[in-house]
Amino acid sequence: MQSVARQVQYASRLGTPVQFRIAATSSRIQWQCQRRAASYYNPLQWIQEKFAPKARKADPVEEKKRGEQEKQGQQSVFEAAVSQEKGVRPKTTSADVLTAVKKKKATEHKYSTANFKISHRKLNMIGRQISGKPIDHAIVQMQFSEKRATSRIKSMLATAKLHATAYKNMDSSKLIVSEAWVTKGPKQLKRLEPRGRGKFGIRVHPDSRMHVILREGKTFEQLKKEQRERRLRRIVSAGLVREDVPLRNPARTWQW
């Protein structure tokens with residue numbers, strides 16, 4: 001190509017017509033292109049182009065056949081589902097959505113901590129402290145306690161409260177720690193402890209975990225109200241007001 005360009009440039013200067021052998025130059029260019037294409041040929045690329053997924057073209061004959069089968073009710077299960085999706089769907093109201101999203105209410109929720117390094121006797125003291133109390137009251141107790149394991153127990157109670165409210169549709173204001181118990185871990189580390197006179201002992205590093213069950217019960221305000229009513233029922237005036245209650249400590253006769 002460079003020689004052809006030079007000839008054209010030289011002829012334009014002289015002003016004389018120049019004849020070229022186009023067939024020879026075109027065949028040479030074609031041969032160079034084929035050689036260059038052969039150098040870039042990759043069999044893996046050919047396989048990818050050959051077997052690559054392509055959009056399927058709609059066949060009018062098959063479409064007509066499917067339409068006849070749909071009218072006659074002879075479609076398969078999959079084709080019927082696809083045809084229903086293509087059709088007009090009924091409009092859903094907000095009430096339908098709420099009924100579909102509404103979760104089933106559970107009666108209890110069980111949760112536990114992971115195994116961590118603490119004695120089961122020490123952890124059982126914390127379990128007795130929170131057992132039977134409302135969940136918020138138990139969290140406050142763990143927040144102001146001076147024991148080392150209470151921070152872990154407090155986070156466990158907060159997570160259990162969140163899961164019971166979000167996943168099991170339970171009322172967070174009525175949740176109480178119905179049960180709390182402690183179990184030992186599956187493996188306890190044992191290490192050698194040197195003693196005097198060349199002897200040694202076995203030191204056990206225990207681990208344990210706490211389980212709780214949350215249930216809906218009476219709130220703290222309801223418990224205080226019932227306790228106040230019980231105390232008021234026990235108060236009886238000293239005879240100044242007529243009361244419909246039985247006599248207390250009745251004597252056999254009059255005593256002056």
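Positions are given from 1 along the sequence. What you are looking at is a predicted structure, and each value in this text was computed from that prediction instead of being measured.
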Practice task
For the pair Glu216 (side chain) and Asp171 (backbone), establish whether a donor and an acceptor sit closer than 3.5 Å, ignoring hydrogens and angles.
Solution key: yes

Exercise for the section: Using the six-membered ring wherever Trp is involved, compare the ring planes of His163 and His109 and label them parallel, tilted or perpendicular (cut-offs 30° and 60°). Expected result: perpendicular

Handout entry: Within-4.5 Å side-chain heavy-atom neighbours: Ile126 and Val182
Key = no

Problem - Enclosure of Lys174 NZ (heavy-atom neighbours >12, cutoff 6.0 Å) - result: no

Problem - Test item: Ile202 and Lys190 side chains (from C-beta on) under 4.5 Å apart, heavy atoms - result: yes

Exercise for the section: For the residue pair Thr150 and Lys147, establish whether any side-chain heavy-atom pair is separated by less than 4.5 Å. Expected result: yes

Exercise for the section: Please assess Leu123 against Met125 for the test side chain to side chain contact (heavy atoms under 4.5 Å, CB included), listing each intermediate value before the final yes or no. Expected result: CA-CA 5 Å; Leu123 194 58; Met125 295 171 64; over 6 Å; no

Fill in the blank from the handout: CZ (Arg148) and CD1 (Ile153) are apart, to the nearest 0.5 Å, by 11.0 Å

Handout entry: Gly127 backbone acceptor or donor facing Ser131 side chain under 3.5 Å
Key = no

Handout entry: side chain to side chain donor-acceptor pair (under 3.5 Å) between Thr183 and His211, worked out
Key = CA-CA 8 Å; Thr183 57; His211 307 261; 3.1 Å; yes

Practice task
Any chance you could measure Lys133, atom NZ, to Ser178, atom OG, to the nearest 0.5 Å?
Solution key: 13.5 Å

Practice task
Before accepting this row, confirm whether a basic side-chain N of the pair Glu179/Lys110 lies closer than 4.0 Å to the acidic partner's carboxylate O.
Solution key: no

Practice task
May I ask you to establish whether Arg209 and Phe116 are in a cation-pi arrangement, using a distance under 6.0 Å from NZ or CZ to the six-membered ring centre and at most 45° from the ring axis?
Solution key: no

Practice task
Flag the pair Lys184 and Asp207 as a salt bridge only when some basic side-chain nitrogen lies within less than 4.0 angstrom of an acidic carboxylate oxygen.
Solution key: no

Problem - Polar side-chain atom of Thr113 near backbone of Met210 as donor-acceptor pair, under 3.5 Å - result: yes

